[in-house]
Peer 1: 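Have a look at this one before I ask anything.
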2 protein chains.
Amino acid sequence: MQAKVLREFSRGRHKHSACITDALKAAEHSCKERGIRFTAIRRRVLELVWASHEPVKAYDVLDILRNERSSAAPPTVYRALEFLLEEGLVHKIESLNAYVGCGEPGHLDSGQFLICSSCGEVAELDDPELVKLITEKAKQIGFSIKDQIVEILGCCSQCLSSK
Amino acid sequence: MQAKVLREFSRGRHKHSACITDALKAAEHSCKERGIRFTAIRRRVLELVWASHEPVKAYDVLDILRNERSSAAPPTVYRALEFLLEEGLVHKIESLNAYVGCGEPGHLDSGQFLICSSCGEVAELDDPELVKLITEKAKQIGFSIKDQIVEILGCCSQCLSSK
DNA sequence: ATATGTAATGTTATAATATAACATTATATA
DNA sequence: TATATAATGTTATATTATAACATTACATAT
Ligand SMILES: [Zn+2]
Ligand SMILES: [Zn+2]
Ligand SMILES: [Zn+2]
Ligand SMILES: [Zn+2]
């Protein structure tokens with residue numbers, strides 16, 4: 001069984017503007033469905049997080065936002081990120097203190113992240129088999145799982161083949 | 001197949017001083033074997049990281065160190081932690097920005113951490129089966145693994161049974 | 001024992017990441 | 001339109017981590 005890829009590596013040139021518009025459209029839809037406000041700030045922060053396939057730093061988002069909105073300050077960004085995290089629209093990469101857009105808003109389990117140390121991009125998998133094994137292993141020692149963080153460091157296929 | 005527990009939850013009262021002395025002894029031995037200097041600062045920082053079964057913050061270590069050594073400053077602690085991380089004597093819990101002692105210095109793979117949100121303690125597993133599955137899943141999409149981070153959040157058996 | 005190079009620590013400053021607390025404004029709906 | 005709630009503005013500060021350079025300790029060769 002192969003893992004489902006929620007968020008891909010960019011794999012060379014592709015029409016990334018489509019990644020962004022898809023993500024925004026999905027977010028809009030998801031929020032509308034849940035009766036939740038997808039404000040201009042939240043939308044713009046999500047757009048900036050999706051600027052590339054690399055994880056984005058909160059203060060890099062802030063630097064851009066400051067040029068557009070004089071009132072932008074750290075809480076502006078962190079509140080928007082908090083909202084987006086809660087709604088499952090972005091994920092935090094804990095080992096990088098950085099954020100990535102979620103390729104499939106609203107999927108249940110938290111994904112597994114592949115981090116390429118060569119190109120810096122991050123992909124997201126959703127692998128029920130892996131989640132299940134982790135759950136079982138924990139259960140065997142009497143531990144009850146609420147959430148799990150899986151961040152896999154290495155080199156993506158694109159970077160491997162271009163060596 | 002059951003995961004090997006490298007670092008246990010404390011499971012109620014136990015002679016924790018033995019955990020500390022064991023860890024220091026193991027570290028001393030490991031460093032001697034590798035011809036590496038286990039200085040007083042490094043030893044003391046490791047001892048403080050092992051103060052309990054909960055992960056420890058760098059600045060909490062620093063606060064204690066300052067009372068013992070007037071020259072203690074952030075680099076004092078971060079350098080010691082960096083050394084201990086490199087030697088496999090401690091691990092960083094990325095999702096908490098905190099550090100735990102390694103229950104079995106020198107084991108090869110990075111472990112899997114169980115974080116109890118009730119008591120705050122952290123256990124470490126070494127499960128080759130899990131490592132293997134993660135490696136295979138990554139391989140299936142052409143990704144080559146260098147390292148992996150697994151942090152499992154939930155509730156430990158001790159806390160579950162005391163509810 | 002002394003010189004020499006390297007590793008470790010000291011010291012000061014600052015960068016990077018994140019939150020607290022309270023004021024103001026916008027939005028929904030009664 | 002009044003009211004409650006959610007969102008944003010604003011200022012300050014907490015937390016986590018590193019840069020850069022000076023000094024000291026240690027191992028080893030002479
Ligand atoms: Zn794209
Ligand atoms: Zn890559
Ligand atoms: Zn103990
Ligand atoms: Zn517990």
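Predicted, not measured: the structure shown is a model, and the values here were computed from it. So that the names make sense, note that chain A is the first sequence line, chain B the second, and so on, each numbered from 1.
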Peer 1: When only distance counts, do a donor and an acceptor, one from the side chain of B/R79 and one from the base of C/dG10, lie under 3.5 Å apart?
Peer 2: yes

Peer 1: Does A/R69 put a side-chain nitrogen or oxygen below 4.0 Å from OP1 or OP2 of D/dG9?
Peer 2: yes

Peer 1: What is the distance from CZ of A/R66 to P of D/dT11, rounded to the nearest Å?
Peer 2: 12 Å

Peer 1: Please report the interatomic distance CG(A/L125) to CD(A/E8), rounded to the nearest 0.5 Å.
Peer 2: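 The distance works out to 10.5 Å.
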
Peer 1: To the nearest 0.5 Å, what is the distance between CD1 (A/I145) and CG (B/L114)?
Peer 2: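 With rounding to 0.5 Å, CD1 (A/I145) is 7.5 Å from CG (B/L114).
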
Peer 1: Of the nucleotides D/dA17, D/dT18, C/dT17, which one has an atom closest to the side chain of A/K57?
Peer 2: C/dT17

Peer 1: Nearest-Å distance, CG (A/D60) to P (C/dA18)?
Peer 2: 12 Å

Peer 1: Can you check the A/L81 CG to D/dA7 C1' distance for me, whole Å?
Peer 2: 15 Å

Peer 1: Which comes earlier along DNA chain C counting from the 5' end, the contact point of B/N97 or that of B/A73, where each point is its nearest nucleotide?
Peer 2: B/A73

Peer 1: Can you tell me how far P of D/dT16 sits from CG of A/L96, to the nearest Å?
Peer 2: 18 Å

Peer 1: Would you kindly give the CG-to-C1' distance between B/L65 and C/dT11, to the nearest whole Å?
Peer 2: 15 Å

Peer 1: Could you check which of D/dT18, C/dG10, D/dT8 has an atom nearest any side-chain atom of B/I41?
Peer 2: C/dG10

Peer 1: Between A/Y78 and B/R42, which residue's closest nucleotide on DNA chain C lies nearer the 5′ terminus?
Peer 2: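 The residue mapped nearer the 5' terminus is B/R42.
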
Peer 1: A/R34 pairs by salt bridge (Lys or Arg N to Asp or Glu O under 4.0 Å) with which of A/E86, A/E28, A/E87?
Peer 2: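 By the salt bridge (Lys or Arg N to Asp or Glu O under 4.0 Å) criterion, A/R34 pairs with just one of A/E86, A/E28, A/E87: A/E87.
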
Peer 1: Are any of the side-chain nitrogens in A/R44 or A/E47 under 4.0 Å away from the carboxylate oxygens of its partner?
Peer 2: yes

Peer 1: Taking the side chain of A/T76 as its heavy atoms from C-beta onward, which of D/dA19, C/dA8, D/dT10 lies nearest to it?
Peer 2: D/dT10

Peer 1: Rounded to the nearest angstrom, tell me the gap between atom CZ in B/F38 and atom C1' in C/dA8.
Peer 2: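 Going from B/F38 (CZ) to C/dA8 (C1'), I get 15 Å.
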
Peer 1: Would you call B/S157 and B/R11 a side-chain contact if the rule is heavy atoms closer than 4.5 Å?
Peer 2: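 Yes, at least one pair of side-chain atoms sits under 4.5 Å.
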
Peer 1: Send over the distance from A/I93 CD1 to C/dA16 C1', rounded to a whole Å.
Peer 2: 18 Å

Peer 1: Tell me what A/Y99 touches on the nucleic acid: a base, only sugar-phosphate, or nothing, going by heavy atoms under 4.0 Å.
Peer 2: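 If one applies the 4.0 Å heavy-atom cut-off, A/Y99 turns out to touch the sugar-phosphate alone, with no base involved.
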
Peer 1: Please tell me if A/K92 has a side-chain N or O lying less than 4.0 Å from either OP1 or OP2 of C/dT17.
Peer 2: no

Peer 1: Can B/Y59 be called stacked on D/dT15 when the rule is centres closer than 5.5 Å and an angle between planes below 30°?
Peer 2: no

Peer 1: To the nearest Å, how far apart are B/R37 CZ and C/dT6 C1'?
Peer 2: 9 Å

Peer 1: Between D/dA17, C/dT17, D/dA7, which nucleotide has the shortest distance from any of its atoms to the side chain of B/P74?
Peer 2: D/dA17

